[in-house]
Amino acid sequence: MGVIEANNLTKYYGRVRGVENLSFSVNEGEIFGFLGPNGAGKTTAIRLMLDFIRPQRGDIRVFGLDAHRNSSAIHRYIGYVSSEPFLYPFMKGLALISWLKTFRRQNCDLPLGRLCEILQFNPNHFIKNYSSGNRKKLALIQAMMHRPRLLILDEPTNGLDPIIKQGFYAILRSLKRSGTTIFFSSHDLTEVQKVCDRVAIIKDGRIVAVEEVASLIHKNNLLVEVTFNQMPDEMMLAGLKVVEKNGQTVKLQVGRGEINAVLTRLNQYQITDITISESTLEDIFLTWYQ
């Protein structure tokens, strides 16, 4: 049994779809990416997981326990960062961290000084004076300091600059090595590819794919970018995986075994430029949203 087991979760807000028949599992000790654009249902799934809201149908178990009936017991072993964390504005960062430590039964033994150094965070200022990026750093520190068994992150890098992101990814990998399972919700395709072992792609409240990141890329492992002298009609592109069109340029995903046939087909038209490269997770993701 996985650390998280979701079965046919369905949640509507009145007539507005949150998630529908959502099923997935997260294995112990992995970094599991939950990938989709804003409005796809990522935050709804997390709120169901944490028992902040209740589903109309389906159930979710965490550590083998029912997420609703055993929510208090589950929360003791979780670290959580929301996409827009609320922090007490008239406390200093260090005071908030010290206060939150008193609620924890576990040792908060991740070195605070080292976390602050990596994230370039000064905890000695009032929270009301922090930028949005520094408030996000404080939220991350409070979620990670007790080495949770499960770390749930909802868009955790919003507001962080690229250098800080690299340090944060290193912290996640360290936590993973020490046994923490990480649920990483994001619309940032690049970072999911960098840090996650597996990824679920969610579209319109439904899971459309669950794959190991390496396997997902390998299955669609060539990207052909073609610039035509004159854009051919739609019939020429029929049956091809079109990732993107921009003016006279078309990006296609092509399996290695299909490349010769595709190039022969393209050779019927006047081409001004062509490149062939490995697909990224972003290229693959875009095919689900065409």
Side-chain angles (χ1 to χ4, degrees), residues 17 19-22 24 31-42 83 155-166 168-169 184-290:
R17 179 267 312 143
V19 295
E20 190 168 13
N21 296 325
L22 200 70
F24 63 90
I31 303 179
F32 184 85
F34 203 57
L35 183 61
N38 293 333
K42 303 189 302 296
S83 58
E155 303 286 357
T157 63
N158 284 353
L160 301 183
D161 66 46
I163 294 175
I164 302 302
K165 286 182 183 182
Q166 296 307 312
F168 172 59
Y169 301 153
F184 193 108
S185 172
S186 179
H187 67 271
D188 189 324
L189 307 160
T190 302
E191 71 180 1
V192 167
Q193 185 171 348
K194 286 181 179 178
V195 302
C196 294
D197 303 302
R198 286 195 304 144
V199 59
I201 297 175
I202 182 170
K203 176 184 180 182
D204 298 331
R206 295 174 178 266
I207 299 288
V208 295
V210 180
E211 295 272 3
E212 292 184 3
V213 170
S215 174
L216 194 62
I217 295 171
H218 180 72
K219 285 182 179 180
N220 301 272
N221 57 358
L222 288 177
L223 180 68
V224 179
E225 183 171 337
V226 190
T227 301
F228 296 96
N229 184 52
Q230 181 178 354
M231 179 65 77
D233 59 36
E234 292 296 323
M235 289 299 295
M236 191 283 295
L237 301 176
L240 299 175
K241 280 190 176 180
V242 178
V243 175
E244 185 180 343
K245 291 189 217 176
N246 184 12
Q248 306 296 98
T249 301
V250 178
K251 290 183 182 179
L252 306 169
Q253 278 189 36
V254 181
R256 290 185 184 276
E258 303 169 337
I259 189 65
N260 288 335
V262 170
L263 291 177
T264 299
R265 185 170 168 181
L266 294 175
N267 197 42
Q268 301 173 47
Y269 302 87
Q270 189 172 356
I271 294 171
T272 59
D273 192 23
I274 184 169
T275 60
I276 301 174
S277 59
E278 299 288 335
S279 290
T280 66
L281 185 57
E282 181 171 4
D283 301 321
I284 298 163
F285 176 79
L286 288 173
T287 64
W288 294 105
Y289 280 84
Q290 297 300 316

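All residue numbers refer to positions in the sequence shown, counting from 1. Keep in mind that the numbers below use all heavy atoms, side chains included, and drop hydrogens, waters and symmetry copies.
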*asked:* Could you check whether any side-chain heavy atom of F228 comes within less than 4.5 Å of a side-chain heavy atom of L266, counting everything from C-beta outward?
replied: yes

*Verdict with supporting geometry, L252 and V242, side-chain contact (heavy atoms from CB on, under 4.5 Å)*: CA-CA 5 Å; L252 306 169; V242 178; 3.7 Å; yes

_Interatomic distance, L222 atom CG to I259 atom CD1 [nearest 0.5 angstrom]_ = 5.5 Å

*Do side-chain atoms of D161 reach the backbone of I164 as a donor and acceptor pair under 3.5 angstrom?*
yes

*What are the two closest non-hydrogen atoms of R17 and D204, and how far apart are they?*
NE-O, 3.1 Å

*asked:* With heavy-atom distances below 4.5 Å as the criterion, would you say the side chains of K251 and T275 are in contact?
replied: no

*First locate atom CD1 of I274, then atom OG1 of T249, and finally report the distance between them rounded to the nearest 0.5 Å.*
11.0 Å

*Without swapping roles, check the side chain of T227 against the backbone of T272 for a donor-acceptor pair under 3.5 Å.*
no

_Sub-4.5 Å side-chain heavy-atom contact between E155 and N38_ = yes

*Contact summary for G36 and H187, nearest pair of heavy atoms*: O-CB, 3.3 Å

*Does the K42 side chain pair with the main chain of I202, one donor and one acceptor, at a distance under 3.5 Å?*
no

_Separation of F24 CZ from F32 CZ (nearest 0.5 Å)_ = 6.0 Å

*asked:* Rounded at 0.5 Å granularity, tell me how far CG in D188 sits from CD in Q193.
replied: 10.5 Å

*For atom CD of Q270, decide whether the heavy atoms of other residues, nucleotides or ligands shown that lie under 6.0 angstrom number more than 12.*
no

_Going by the rule salt bridge (charged side-chain N to carboxylate O under 4.0 Å, His left out), which residues pair with R206 if we only count those two or more places apart in sequence or in a different chain?_
E20

*Could you give the distance from OG1 (T157) to CD (Q166), rounded to the nearest 0.5 Å?*
10.5 Å

_Keeping D197 on the side-chain end and I31 on the backbone end, is there a donor-acceptor pair under 3.5 Å?_
yes

_Closest non-hydrogen atom pair between S185 and P156, with its separation_ = O-CD, 3.6 Å

*Atom pair CG (L223) and CD (E225), whose distance is rounded to the nearest 0.5 Å*: 6.5 Å

*For G41 against V19, the heavy-atom pair lying closest together*: O-CG1, 3.4 Å

